[in-house]
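Here is the structure we will look at.
Residue numbers run from 1 in the order of the sequence given.
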Amino acid sequence: MDSLADLPIKPNFSIFPSLEGKRICHATCGMNAAFYIASDDYKANDLGTKLYHECQLALQDEKSGQPLVDCILIAGGKPLYCHKIVISQRSRILDQMLILESRPQDPSYFPEVFIPGVSFCTMQDVLCFIYTDTVKNFERLSFEAILEMWGAANLLKIFKLMAICKNVLEIDHEYSIKMGNVTKSLLPSFSSDMGNALEDNRYSNVHISVEGKTLQAHECVLRCASKYFASLMEASKGKMSNRSRRIDLELPDTSYSSLLRLLLVLYTGYLPSCTQSDLLEDLITAHKYHLKCQGSIDGAIQVTPSNACNMLLLGVQVQSPRLKIHALNAIANNLHTQFASDATKLQFESMLSLCPPKIKDELFEKIKDINGLSCLIPKDRRDLAAAMLERSRLYKSSMEAKMANDLTGDSDAISMTHLFVLLLLVAAYVYLQRFPIIKTFIPILNSLVLIMTVIHLFRKIK
């Protein structure tokens, strides 16, 4: 999913807004221009890449690959296999061509769309961009190849590819393509286009019944997103005489709103805004149907010291390593909050009783690493909650004892200081007795020695 934009010739901070939120894939510069290729919307790249891989499989082996696709593009006299829902959303020209070539009376018919004036290699690159927002080896293409690609993108009205080719071609001063200002709204990505596919029911071939409502989806998307749905749809198609007939699925014990949000994630790669409780519901649903968007959901869940115990149990239930690690860190870094009240203590003990032994060991090791309790771990694995509470108490007692020892050591140090000063005063007194001039200060020294002696004896008695 690459987009190309000009960089200023002289380095300055104005380039940072254009790079914000993007992953740089390639950058180059010349005598009078510089440009970068950055990926945006890369969360949706996984779906597009998998669907494009199906197109490549169909091209390599037509007999085994055709069931994966439902449309053929003819360019340069050669076929290119694709999915109707993808090309109809990515190009309004291809959408109009599909409507003209469709045969409603024959649902198993593969529409063949002819692309005039475009070579097979160029159309193959354009199709790759349609699915992935990326042109392979773009920096190695010749000027003529990029010019032909711009012509194909202009023919099919793929505005984002037009803008990329235009920016590259304008680097050359001899040739320049004059194209009107293309606003950001006219540069849709695979992610934004596929988000509109859920509202377009013309090519949907899967109906999902949830809570008495129906969601219309597409077989190719569900097949790439979940092995559970792939096997379920394969079993449903085995009972049908016509392969292209609509597939009806019924999902009991599933929330309609949760499944709708998950479908948006599958189609676009982005999670819609929702509450934390909705995220927890979506995570459980995604795990239930083995959806590959689970990683996008558990990363958005907030783990706090108050809900860390519940999040740890949920992370174990849905097999989410990220959520489990965040919960373990939250518990270990805020161990004192687990015993702040009877309610939190009861919650902590309940969590320990439900955790598998392996998770308990991980929790103990994490607590040892963070809180320094390695010497206080009991050798016998008695009741774990009681042992944890006992370790907390022992640790507190050891810290209090250490503070008391430090204070005693400080007192001894002060006492030795007083004794040393006293000895110095006595030595000075004996030495000054030899000088008649300083005898006037002898009473003062006597008073100081007496005071220091009394202070030293008093501290010793105390």
Check your understanding: Is there any salt bridge (charged side-chain N to carboxylate O under 4.0 Å, His left out) pair reaching into residues 205-218, and which pairs are they, with sequence neighbours excluded?
Key -> none
Point to revise | Check: Leu354 and Val316 side chains under 4.5 Å, non-hydrogen atoms | key: no
Practice item. For the residue pair Glu148 and Thr122, confirm or rule out a side-chain donor-acceptor distance under 3.5 Å. Key: yes
Practice item. Might you work through the side chain to side chain contact (heavy atoms under 4.5 Å, CB included) test for Cys293 and Leu262, ending with a clear yes or no? Key: CA-CA 8 Å; Cys293 60; Leu262 290 175; 3.9 Å; yes
Check your understanding: Looking at side-chain heavy atoms only, is the closest gap between Leu156 and Met123 below 4.5 Å?
Key -> yes
Practice item. Keeping to residues at least two apart or across chains, list the salt bridge (charged side-chain N to carboxylate O under 4.0 Å, His left out) pairs with something in residues 266-275. Key: none
**Study point:** Beyond-backbone contact of Cys220 with Leu51, side-chain heavy atoms, under 4.5 angstrom
**Key:** yes
Practice item. May I ask you to test the Ile115-Val113 pair for a side-chain heavy-atom distance under 4.5 Å? Key: yes
Review point. Side chain to side chain contact (heavy atoms under 4.5 Å, CB included) between Cys71 and Leu98: does it pass, once the steps are laid out?
Key: CA-CA 9 Å; Cys71 180; Leu98 277 176; 3.5 Å; yes
Practice item. Would you confirm whether Asn307, through its side chain, and Gln302, through its main-chain N or O, come within 3.5 Å as a donor-acceptor pair? Key: yes
Point to revise | Partners meeting side chain to side chain donor-acceptor pair (under 3.5 Å) with Ser226 (sequence neighbours left out) | key: none
Review point. Mind checking whether Phe129 and Ile158 have side chains closer than 4.5 Å, heavy atoms only?
Key: yes
Practice item. Test side chain to side chain contact (heavy atoms under 4.5 Å, CB included) on Leu312 and His326 and set out the steps. Key: CA-CA 8 Å; Leu312 178 58; His326 288 177; over 6 Å; no
Check your understanding: Should Ser255 and Ser257 be marked as a side-chain hydrogen bond (donor to acceptor under 3.5 Å, both in side chains) after you check the CA-CA gap, both sets of side-chain angles, and the distance that decides it?
Key -> CA-CA 6 Å; Ser255 168; Ser257 58; 3.1 Å; yes
Practice item. Could I get the full list of side-chain contact (heavy atoms from CB on, under 4.5 Å) partners for Thr344, not counting sequence neighbours? Key: Ala340, Ser341
Review point. Gln317: what forms a side-chain contact (heavy atoms from CB on, under 4.5 Å) with it, not counting sequence neighbours?
Key: Leu314
**Study point:** Listed partners of Gln294 passing side chain to side chain donor-acceptor pair (under 3.5 Å), at least two apart
**Key:** none
**Study point:** Pairs involving residues 312-337, ordered by first then second residue, that meet salt bridge (charged side-chain N to carboxylate O under 4.0 Å, His left out) (sequence neighbours left out)
**Key:** Asp298-Arg322, Lys324-Glu362
Review point. Distance under 6.0 Å and angle within 45° of the ring axis: does Lys84 meet both against Tyr203?
Key: no
Review point. Side chain to side chain donor-acceptor pair (under 3.5 Å) with His83: which residues, sequence neighbours excluded?
Key: Glu54, Tyr131
Point to revise | Non-hydrogen side-chain atoms of Val206 and Leu222 separated by less than 4.5 Å | key: yes
Review point. Which pairs, with at least one residue in residues 89-100 and sequence neighbours excluded, count as a salt bridge (charged side-chain N to carboxylate O under 4.0 Å, His left out)?
Key: Arg90-Asp133, Arg90-Asp193, Asp95-Arg202
Exercise for review: Kindly state each residue pair satisfying ring-ring contact (aromatic ring centres under 6.0 Å, His included) with at least one member in residues 279-318, sequence neighbours excluded.
Suggested key: Tyr228-Tyr289, Phe229-Tyr289
Revision key, fill the gap. Contacts of Pro272 meeting side-chain contact (heavy atoms from CB on, under 4.5 Å) (sequence neighbours excluded), chain-then-number -> Arg261, Leu264, Val265
Review point. Above 12 or not: heavy atoms from other molecules or residues under 6.0 Å from NZ of Lys136?
Key: no
**Study point:** Check: Leu73 and Phe114 side chains under 4.5 Å, non-hydrogen atoms
**Key:** no
Point to revise | Distance-only side-chain donor-acceptor flag, Thr285 / Asp282, under 3.5 Å | key: no
Check your understanding: With sequence neighbours excluded, what pairs up with Gln347 under the side-chain contact (heavy atoms from CB on, under 4.5 Å) test?
Key -> Cys309, Asn310
**Study point:** Polar contact flag, side-chain donor to acceptor under 3.5 angstrom, Thr275-Ser277
**Key:** yes
**Study point:** Steps toward side chain to side chain contact (heavy atoms under 4.5 Å, CB included) verdict (Met97, Ile93)
**Key:** CA-CA 6 Å; Met97 292 180 174; Ile93 302 299; 3.9 Å; yes
**Study point:** Heavy-atom side-chain contact between His207 and Leu215 under 4.5 Å
**Key:** no
